[in-house]
Asks: 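What follows is a single structure, and I will ask about it in a moment.
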Amino acid sequence: MIAVIDYGAGNIRSVYKALKHIGCECVITRDKDEIMNADGAVLPGVGSFGDTMDTMNSYGIKDTVIEYINSGKPFLGICLGLQLLFPESEESPNVKGLSVFDGTITKIPSGEGLKIPHIGWNSLKINKKSRLFKGVEQNAYVYFVHSYFLNASDRSIVSAQTEYGVTIDAAVEKGNVFATQFHPEKSGETGLKILRNFADIANGRKE
């Protein structure tokens with residue numbers, strides 16, 4: 001069972017449908033017991049860093065997410081769900097994130113020919129040791145929608161990067177925690193492969 005954590009984000013249903021499409025048993029929930037009992041949990045994200053942290057705090061989801069991550073069970077953050085794993089974002093000064101990892105979240109600099117927000121398909125430079133990207137081809141294309149980007153302090157957690165005027169840390173993973181800046185649920189067969197890899201990790205399937 002995979003819990004899709006519900007704090008009202010707009011893309012929750014599409015993540016749920018993608019997981020169902022690949023045969024996952026899953027539930028959309030903000031109930032602490034349901035989340036804590038799940039084999040894996042997904043934190044989707046669409047919206048602003050500050051508003052989302054406020055909502056998560058009001059629902060008590062922030063503490064549940066931290067407790068879930070500390071339990072050692074597989075956790076996947078998507079888009080804003082990646083950014084929330086870090087201490088803060090330039091988007092919402094003085095708002096504290098989950099601080100699972102350390103790094104900076106800053107606005108993508110505008111440049112000639114670059115539109116902000118960054119919306120569309122970009123290729124990935126993948127760390128071959130990544131479990132989340134197992135079987136995914138180097139330079140595979142995935143779908144992004146974002147204005148802010150991660151530069152992780154610990155370079156060892158970066159599992160994929162992309163280029164959009166600057167080098168963007170497009171995915172991270174360490175231990176039981178995985179996150180992508182792009183949207184696997186909108187990234188065609190490549191995205192479904194990534195979700196299957198996470199589901200396999202959550203189900204304890206080995207190589």
Asks: Indicate yes or no: at least one non-hydrogen side-chain atom of Tyr164 is less than 4.5 angstrom from one of Ile116.
Replies: yes
Asks: Which word best sums up how the rings of Phe101 and Phe86 line up, parallel for under 30°, tilted for 30 to 60°, or perpendicular for over 60°?
Replies: tilted
Asks: So, Glu67 and Lys32, do they make that salt bridge, N to O below 4.0 Å?
Replies: yes
Asks: Mind running salt bridge (charged side-chain N to carboxylate O under 4.0 Å, His left out) on Arg155 and Asp169 for me, showing each step along the way?
Replies: CA-CA 9 Å; Arg155 306 309 299 163; Asp169 291 341; 2.7 Å; yes
Asks: So with a 6.0 Å cut-off around CD of Glu90, is the heavy-atom count from everything else above 12?
Replies: yes
Asks: Just so I know, are the side chains of Asn127 and Phe133 near enough to count as touching, which here means a heavy-atom distance under 4.5 Å?
Replies: no
Asks: Please report the C-alpha distance between Asp31 and Thr29 in whole Å, then the side-chain angles of each, then the deciding distance to 0.1 Å, and finally whether the side-chain hydrogen bond (donor to acceptor under 3.5 Å, both in side chains) criterion is met.
Replies: CA-CA 5 Å; Asp31 180 81; Thr29 183; 5.1 Å; no
Asks: Are the ring centres of Trp121 and Tyr141 closer than 6.0 Å?
Replies: no
Asks: Side-chain contact test, heavy atoms from C-beta onward, threshold under 4.5 Å: evaluate it for Val42 versus Phe198 and give yes or no.
Replies: yes
Asks: Write down the atom of Glu173, the atom of Ser159, and the distance for their closest heavy-atom approach.
Replies: OE1-CB, 3.7 Å
Asks: Is there side-chain contact between Lys96 and Pro87, with at least one heavy-atom pair below 4.5 Å?
Replies: no
Asks: Do Gln83 and Glu91 have side-chain N/O donor and acceptor atoms under 3.5 Å apart?
Replies: no
Asks: Quick one: are Leu84 and Phe49 in side-chain contact, heavy atoms under 4.5 Å?
Replies: yes
Asks: Is Tyr16 close to Ile2 at the side-chain level, that is, under 4.5 Å between some pair of heavy atoms?
Replies: no
Asks: Quick one: does Leu132's side chain get under 4.5 Å of Leu76's, heavy atoms only?
Replies: yes
Asks: Do the two ring centres, one from Phe144 and one from Phe182, sit under 6.0 Å apart?
Replies: yes
Asks: Should side-chain heavy atoms under 4.5 Å link Ile, Leu, Val, Met, Phe, Trp and Tyr, which residues sit in the same cluster as Met1?
Replies: Val27
Asks: Linking I/L/V/M/F/W/Y whenever their side-chain heavy atoms sit closer than 4.5 Å, directly or via other members, would Tyr68 and Leu82 fall into one cluster?
Replies: yes
Asks: Going by heavy atoms in the side chains, are Tyr59 and Thr64 under 4.5 Å from each other?
Replies: no
